[in-house]
There are 2 protein chains.
Amino acid sequence: MSADPDPTLRLLWRHVLPSDGTAPKRGRRPKVSVDDVVDAAIELADRDGLDALSMRGLAERVGVGAMSLYTYVAGRDDLVVLMVDQVVGRADLPPMTGDLRARLTLVAEVQLADHRAHPWLLDVGGVRAWLGPNVADRYEWQLSAVEGVGLDDLEMDQTITLVTGFAANVARAEHAVRRTERESGMTDAEWWEANYEALAEVMSHREYPIAGRVGSAAGEAYQAGRDPRRELEFGLARILDGLEAHLGR
Amino acid sequence: MSADPDPTLRLLWRHVLPSDGTAPKRGRRPKVSVDDVVDAAIELADRDGLDALSMRGLAERVGVGAMSLYTYVAGRDDLVVLMVDQVVGRADLPPMTGDLRARLTLVAEVQLADHRAHPWLLDVGGVRAWLGPNVADRYEWQLSAVEGVGLDDLEMDQTITLVTGFAANVARAEHAVRRTERESGMTDAEWWEANYEALAEVMSHREYPIAGRVGSAAGEAYQAGRDPRRELEFGLARILDGLEAHLGR
DNA sequence: TACTTTCTCGTACATCGTACGGAACAAATG
DNA sequence: CATTTGTTCCGTACGATGTACGAGAAAGTA
């Protein structure tokens with residue numbers, strides 16, 4: 001009665017799975033490998049974004065007919081799942097040393113670095129079978145940062161979710177600017193230059209006492225530096241302070 | 001030399017802008033209004049998601065030819081910008097009372113409620129001209145929660161970014177489950193039922209001492225209750241504790 | 001009535017994911 | 001060697017998508 005197991009699951013774990021004689025002996029030889037396809041897809045998505053990744057374009061890049069891709073991958077959605085696990089597996093995870101602050105900072109920085117290098121990760125919606133080996137390894141590594149510090153199991157998961165989610169949001173804010181610059185062909189500064197007058201007129205009809213002051217302060221600071229550590233700093237400091245307060249009680 | 005101002009900007013502020021005689025007197029009468037179009041688009045996106053929102057489908061819903069939409073809106077991307085501002089304007093913002101904790105909790109809860117009611121907000125990438133009147137009002141309201149508590153301007157912006165980003169991430173996690181259930185036609189429980197065996201076999205080749213324990217604990221708690229307040233609770237408590245520690249120093 | 005202005009929308013095109021089915025190939029079998 | 005069987009390759013085709021283009025329809029003005 002229960003449905004068949006998800007075939008993409010075996011594909012995800014293809015490298016850790018023992019080759020239990022399932023390698024076909026007869027039949028035509030594949031021109032490329034699943035890893036070739038996924039690696040090329042990652043390369044294209046890194047360059048042009050996830051939306052611009054098309055099966056036809058990928059096929060040409062790999063040197064194969066468009067429909068041939070479907071012998072390697074069940075479809076575009078499943079390809080994205082494989083891309084996520086593959087790209088997560090590339091980063092090497094440094095050993096967990098130092099105190100809790102240092103360890104969680106490391107978790108956040110690795111997460112930020114991944115999302116900066118592969119912004120399309122932010123566009124990947126919730127797909128079920130994210131449970132690839134590399135994602136699982138990453139999760140285990142992240143959890144090791146908070147193991148034994150006094151949190152219960154649920155709190156450990158929530159802490160990792162909180163920290164990695166925040167790092168992803170920092171990357172998201174950065175990426176939003178880059179994307180609109182690319183899509184509109186205008187620098188952020190150019191847009192403001194062109195629209196300052198109209199915006200001032202339009203906003204003159206309402207009062208924004210706080211937002212006017214804070215927004216311009218944030219805008220200036222934002223334009224000043226793009227140091228990822230700095231952008232992480234404030235939020236992460238608050239989160240870590242709060243966590244220590246929770247543990248020290 | 002500077003480019004023309006963004007026409008969508010005037011469209012965003014169409015309600016606060018005085019009708020400076022720009023209302024056309026001659027010519028054929030429009031069958032519908034911009035608000036009709038945007039409201040219908042929101043309705044469709046609420047039901048089927050942002051990806052499923054097509055210009056043709058929207059046109060049929062509004063009772064208009066597909067290409068007629070382009071008299072009201074510059075294109076699909078600009079439509080989404082209008083949808084965001086329109087939907088943000090619907091929520092009524094309660095007055096800011098109570099202490100800092102209560103106020104920021106309110107900010108987070110409103111943010112979560114919006115994203116739960118309109119999950120497609122999570123799929124809206126960074127578009128430049130988010131500066132609609134309702135988004136501006138919302139930002140002003142959010143900032144009023146931390147005005148005068150001892151933060152400098154930059155920290156005020158970062159605090160709001162931190163809190164609202166966290167609330168959005170909670171909504172994102174919820175939405176990911178709903179989406180995959182809809183797209184795959186399988187309940188989360190059904191998927192695990194069908195894939196438990198295969199997953200166990202596949203993961204038996206590696207050791208996940210912490211993730212195995214924590215993951216199942218989180219899974220059980222996750223399946224138990226879906227109270228949004230509970231899901232907000234832990235992370236928000238940490239953030240607020242950390243913020244108070246920062247201010248009390 | 002004729003002209004001008006504005007909105008309406010049918011047609012067309014490029015691009016997308018992918019269903020389908022036969023051709024091409026490699027090993028096993030006779 | 002000839003045939004069968006299993007596997008991969010991929011050309012063609014279909015339905016959707018966003019939207020450029022331009023002709024037609026309606027409403028006010030002269």
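Each chain gets a letter, A, B and so on, in the order the sequences are listed, and its residues count up from 1. These numbers come from a predicted model, not from an experiment.
- For the salt bridge (charged side-chain N to carboxylate O under 4.0 Å, His left out) condition, no pair includes a residue of residues 48-60 of chain B, sequence neighbours left out.
- Enclosure of atom CZ in A:R182 is not indicated, since only 12 or fewer non-hydrogen atoms of other residues, nucleotides or ligands lie within 6.0 angstrom.
- Comparing B:Y70 and B:R29 against DNA chain D, the residue whose closest nucleotide sits nearer the 5' end is B:Y70.
- For A:K25 and C:dT29, the NZ to P distance is 14 Å, given to the nearest whole Å.
- Atom CG of B:D36 is separated from atom P of C:dC7 by 15 Å (rounded to the nearest Å).
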Could you list, one pair per line, each protein nitrogen or oxygen that sits under 3.5 Å from a nitrogen or oxygen of nucleotides 9-12 of chain C, together with the distance?
| from | atom 1 | to | atom 2 | distance (Å) |
| --- | --- | --- | --- | --- |
| C:dC9 | OP1 | B:K31 | NZ | 3.3 |
| C:dC9 | OP2 | B:G65 | N | 3.0 |
| C:dC9 | OP2 | B:S68 | OG | 3.3 |

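- Between B:Q86 and B:N134 there is no side-chain heavy-atom pair separated by less than 4.5 Å.
- In this structure a side-chain-to-backbone donor-acceptor pair under 3.5 Å is present from B:W13 to B:L131.
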Could you pull out all donor-acceptor pairs under 3.5 Å where a side-chain atom in residues 69-76 of chain B meets a protein atom, sequence neighbours excluded?
| from | atom 1 | to | atom 2 | distance (Å) |
| --- | --- | --- | --- | --- |
| B:T71 | OG1 | B:S68 | O | 2.4 |
| B:Y72 | OH | B:K31 | N | 3.3 |
| B:Y72 | OH | B:V32 | N | 3.2 |
| B:Y72 | OH | B:V32 | O | 3.3 |
| B:R76 | NE | B:L53 | O | 3.2 |
| B:R76 | NH2 | B:L50 | O | 2.6 |
| B:R76 | NH2 | B:L53 | O | 3.0 |

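- Here B:L53 lies in heavy-atom contact (under 4.0 Å) with sugar-phosphate atoms only.
- Here the range on DNA chain D touched by chain A, meaning any atom under 4.0 Å from one of its heavy atoms, is D:dT5 to D:dA13.
- Open room surrounds CD on B:E197; 12 or fewer heavy atoms of other groups in view lie less than 6.0 Å from it.
- Following rounding to the nearest Å, A:Y72 (OH) and C:dT18 (C1') show an atom-to-atom distance of 17 Å.
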Donor-acceptor pairs under 3.5 angstrom involving side-chain atoms of residues 160-168 of chain B: please list them, not counting sequence neighbours.
| from | atom 1 | to | atom 2 | distance (Å) |
| --- | --- | --- | --- | --- |
| B:T161 | OG1 | B:D157 | O | 2.9 |
| B:T164 | OG1 | B:I160 | O | 2.7 |
| B:T164 | OG1 | B:T161 | O | 3.4 |

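- With sequence neighbours excluded, the residues satisfying side-chain hydrogen bond (donor to acceptor under 3.5 Å, both in side chains) with A:H118 are A:D46.
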